[in-house]
Amino acid sequence: MVVNELEEILLGVAKKLGYETDSMRVILSNRPDLCDYQCDEVFKLAKSAHKSPIEIGESLVEEVNKIDNFSDYFEKVEFVKPGFINMVLSPSFINKLLTGMNDNPKFNLSAPEKIETVVLDYGGPNVAKPLHVGHMRTAIVGESIKRILNFAGHKTIADVHLGDYGLQIGQVIYGVQKENISLDDLTIEDLDRIYPAMSALCKEDEAVKEKCAEITKELQDGNLEYRKMWKKIFEISSEDILGIYKYLDVSFDLWLGESDAYPYIPRVEKIFKEKDLLKESEGAIIVDVSKETDKKEVPPLVFQKSNGAYLYATTDLATIVQRMEDYHPDKILYVTDSRQSLHFEQVFRASDLAGIAPYSVFEHLGYGTVNGSDGKPYKTRNGDSPKLQYLFDQAKEVLISKKETNADMSNEDVDKIVNAILKFADLQNNRERDYIFDISKFSEVVGKTGPYILYTYLRIDKIIQNVSLDNHKITNNIYNNYDRDLRLKLLEFPVVFKNALEYRMPNYLADYIYDICVLANAFYQNNHINGLEEEEKKKDWVFLLALTNRMIKEMLSLLVIKIPTVM
RNA sequence: GUCUCAGUAGCUCAGCUGGAUAGAGCAUCGCCCUUCUAAGGCGAGUGUCAGGGGUUCGAAUCCCUUCUGGGACACCA
């Protein structure tokens with residue numbers, strides 16, 4: 001990639017001059033009026049060499065200007081006080097890199113040093129409760145990170161990890177019994193109603209809470225009647241969940257859940273017992289996961305409740321055993337609400353203590369709490385959060401009302417655009433931040449939105465459709481600043497992607513796609529291609545736009561967004 | 001109480017692995033459709049980057065501290 005090549009040149013020069021350094025870090029210019037790329041290492045060299053940065057910078061720049069193939073890389077390299085090396089790339093360098101990107105299915109992205117097997121745990125819907133906005137977040141962020149990992153060349157295994165065996169099931173079973181609904185008549189609407197009601201009731205009534213816990217425990221112990229009810233609830237919910245994931249184009253390799261971890265619990269118990277890690281405390285079995293170095297108090301992990309039932313932490317540990325045995329992953333990533341960070345800290349530590357999987361295998365990728373426009377968190381347990389389906393319907397309605405012709409679009413295209421609206425609105429947020437959910441913002445179709453990206457793609461597509469490139473090799477020319485800006489932006493891809501991958505931040509890609517689209521819009525509106533008589537220029541530009549669109553399409557797919565046929 | 005995350009333009013946010021003049025979208029106000037799709041483009045204005053200290057040649061970014069708000073803190077997930 002660009003920065004590597006530039007770094008190599010500068011490092012070579014620095015070493016030739018006898019400066020002791022092993023890296024000359026080059027970054028994208030933050031003063032595009034002055035240069036394309038900059039290097040700020042002069043300050044550090046000055047410190048270690050006990051010389052003035054000006055002296056060092058000027059000597060470096062002088063030497064760079066003397067290299068044989070200078071014009072293969074640069075148009076200009078200059079030193080600017082107090083210590084910046086400013087580089088302007090030559091057209092031939094830019095175009096050489098673009099050609100390389102065009103010839104490479106991954107746009108010159110280098111292969112990973114080690115191909116890792118990564119298990120991703122996202123989605124995590126509770127059977128028994130309707131999917132709400134928070135579930136879209138985990139599904140989309142998780143799916144996007146999965147696709148980013150795959151694009152980078154890693155191997156992924158995505159597990160939906162259904163919440164299908166915890167207390168919430170006990171609550172729903174209790175509710176179904178209480179309302180005396182026969183299993184054959186049970187519907188998703190019943191579940192939507194019963195879960196929030198029972199959840200609220202448990203908070204008020206201790207006796208009901210105990211009863212629900214009791215049911216949960218008996219279900220886990222194999223009570224046939226409860227087992228039958230569980231199966232039915234599971235089936236109804238799964239159908240609903242599958243439908244929504246299908247709509248969102250989110251898919252999983254494994255459709256497992258907490259219940260599938262149960263067979264592994266005896267083994268987990270044995271491992272912990274052998275290491276003498278299980279302690280009794282207040283009737284419950286716990287694992288002490290605190291460390292002396294802890295700044296805060298880390299409470300023990302509750303392995304088994306005093307009534308004998310198992311909890312989230314135990315099934316998570318059992319799931320880790322299962323995953324290590326079946327897939328030997330290098331990493332296990334969990335995409336959940338960041339409020340669960342303490343829980344995962346406990347589980348990761350317990351796993352490490354017991355030698356199931358070392359702490360370094362795990363990453364908890366937390367995302368911000370879903371808040372309302374008033375800044376307060378949605379109380380999902382009380383059913384206050386809007387259902388996901390409502391969100392889809394709302395976005396669709398706004399979309400259709402936006403343009404008369406939209407009513408004539410195929411359902412398929414409408415769905416793709418609705419997906420683009422929601423996902424781009426979601427993924428352009430930094431996933432770690434709290435998430436203000438505002439339905440009008442999530443139905444927005446103008447500005448920095450999914451539709452803007454799709455619109456740009458389709459316009460470009462229309463322009464390039466009629467020109468055949470016949471293996472055209474771009475010339476050494478760059479024709480104007482609109483043109484140059486777009487070319488330079490495309491070169492940033494490997495760095496942007498690398499950051500998105502390393503930090504697991506899809507919003508880096510979202511921002512980047514948007515930047516490309518802004519420049520592409522400016523480019524084609526100021527440079528008419530159709531009717532151009534200069535054949536080479538025309539083909540150069542079509543080449544550029546074709547590459548732009550290929551990249552947009554590929555990156556949209558990393559954001560789980562598909563392109564419609566028309567808009 | 002302890003820990004933790006945040007506070008950036010009127011609103012919603014990006015930037016935070018330290019760099020030169022802090023960026024987008026929305027909203028507001030102009031201009032551009034007989035011209036490859038106006039869901040677009042061009043132009044205009046707005047900031048004590050919560051306050052205070054520190055480290056550094058250089059801080060929105062790192063450290064300390066105060067204020068404000070969110071969240072977590074063993075038998076929920």
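Because only heavy atoms are used, hydrogens play no part in the values below, and waters and symmetry mates are left out as well, while side chains stay in. The sequence lines fix the lettering, A, B, ..., with proteins before strands; numbering per chain opens at 1. What you see is a predicted model, and the numbers here were worked out from it, not measured in a lab.
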**Message:** On the side chain of A:Lys402, is there an atom forming a donor-acceptor pair with the base of B:A39 - under 3.5 Å, no angle test?
**Reply:** no
**Message:** Would you measure the distance from the C1' atom in B:U34 across to the matching atom in B:C29 and give it in whole Å?
**Reply:** 28 Å
**Message:** Quick check: any donor-acceptor pair below 3.5 Å linking the side-chain of A:Gln38 to the base of B:A20?
**Reply:** yes
**Prompt:** Under 30°, 30 to 60°, or over 60°: which ring-plane class applies to A:Trp541 and A:Phe523, parallel, tilted or perpendicular?
**Reply:** perpendicular
**Message:** Below the 4.0 Å mark, does B:A39 have OP1 or OP2 next to a side-chain nitrogen or oxygen of A:Lys403?
**Reply:** yes
**Prompt:** How is A:Leu301 classified with respect to the nucleic acid when contacts are heavy atoms under 4.0 Å: base, sugar-phosphate, or nothing?
**Reply:** nothing
**Message:** Please give the distance between the P atoms of B:G30 and B:U12 as a whole number of Å.
**Reply:** 26 Å
**Prompt:** Between A:Asp337 and A:Arg339, does at least one N-O distance fall below 4.0 Å, as a salt bridge requires?
**Reply:** yes
**Asked** Which word best sums up how the rings of A:Tyr334 and A:Phe348 line up, parallel for under 30°, tilted for 30 to 60°, or perpendicular for over 60°?
**Response** tilted
**Request:** Take atom P in B:G7 and the same atom in B:G15, then report the distance between them in whole Å.
**Result:** 10 Å
**Prompt:** Below 4.0 angstrom from OP1 or OP2 of B:A38, is there any side-chain N or O of A:Tyr455?
**Reply:** yes
Enumerate all atom pairs, one protein N or O and one N or O from nucleotides 14-17 of chain B, separated by less than 3.5 Å.
unit_1 : atom_1 : unit_2   : atom_2 : d
B:A14  : OP1    : A:Asn430 : N      : 3.3
B:A14  : OP2    : A:Arg433 : NH1    : 2.9
B:A14  : O2'    : A:Asp511 : OD2    : 2.7
B:G15  : OP1    : A:Asn507 : ND2    : 3.3
B:G15  : OP2    : A:Asn430 : ND2    : 3.3
B:C16  : N4     : A:Arg433 : NH2    : 2.1
B:U17  : N1     : A:Tyr503 : OH     : 3.3
B:U17  : O2     : A:Tyr503 : OH     : 2.5
B:U17  : N3     : A:Tyr503 : OH     : 2.5
B:U17  : O4     : A:Asn499 : OD1    : 3.3

**Message:** At less than 3.5 Å, do the side-chain atoms of A:Thr449 and the base atoms of B:A39 form a donor-acceptor pair?
**Reply:** no
**Message:** When the C1' atoms of B:U48 and B:U37 are compared, how many Å lie between them, rounded to an integer?
**Reply:** 46 Å
Can you give the donor-acceptor pairs under 3.5 Å from side chains of residues 415-423 of chain A to other protein atoms, not counting sequence neighbours?
unit_1   : atom_1 : unit_2   : atom_2 : d
A:Asp415 : OD1    : A:Tyr247 : OH     : 3.1
A:Asn419 : OD1    : A:Lys423 : NZ     : 2.7
A:Asn419 : ND2    : A:Tyr247 : O      : 3.0
A:Asn419 : ND2    : A:Asp415 : O      : 2.9
A:Lys423 : NZ     : A:Leu248 : O      : 2.5
A:Lys423 : NZ     : A:Val560 : O      : 2.8

**Message:** Check this one for me: any side-chain N or O of A:Lys462 less than 4.0 Å away from OP1 or OP2 of B:U37?
**Reply:** yes
**Request:** Answer yes or no: does a side-chain N or O of A:Tyr457 lie under 4.0 Å from OP1 or OP2 of B:G40?
**Result:** no
**Request:** Sort out the partner of B:C26 for me: Watson-Crick or G-U wobble, both distances under 3.5 Å, none otherwise.
**Result:** B:G10
**Item:** Between B:U61 and B:G19 - P atom distance, rounded Å
**Value:** 10 Å
**Complete:** B:U61 -> Watson-Crick or G-U wobble partner, both distances under 3.5 Å, gives none
**Request:** May I ask you to say what A:Asn86 touches in the nucleic acid, namely base, sugar-phosphate or nothing, with a heavy-atom cut-off under 4.0 Å?
**Result:** base
**Message:** For a quick test of reading the model: is some side-chain N or O of A:Asn30 closer than 4.0 Å to OP1 or OP2 of B:A20?
**Reply:** yes
**Asked** For A:Arg459 and B:A38, is the shortest distance between a side-chain N/O and OP1 or OP2 below 4.0 Å?
**Response** yes
**Message:** Using the P atom as the point on both nucleotides, what is the distance between B:G18 and B:C62, in whole Å?
**Reply:** 9 Å
**Asked** Between A:Glu363 and A:Arg504, does at least one N-O distance fall below 4.0 Å, as a salt bridge requires?
**Response** yes
**Request:** Check RNA chain B against residues 308-320 of chain A and give the residues with a non-hydrogen atom under 4.0 Å, in numerical order.
**Result:** A:Leu311, A:Tyr312
**Message:** For a quick check of understanding: with a heavy-atom distance under 4.0 Å over all strands, which category does A:Glu432 fall into, base, sugar-phosphate or nothing?
**Reply:** nothing
**Item:** Atom P, compared across B:A9 and B:U4: separation rounded to whole Å
**Value:** 26 Å
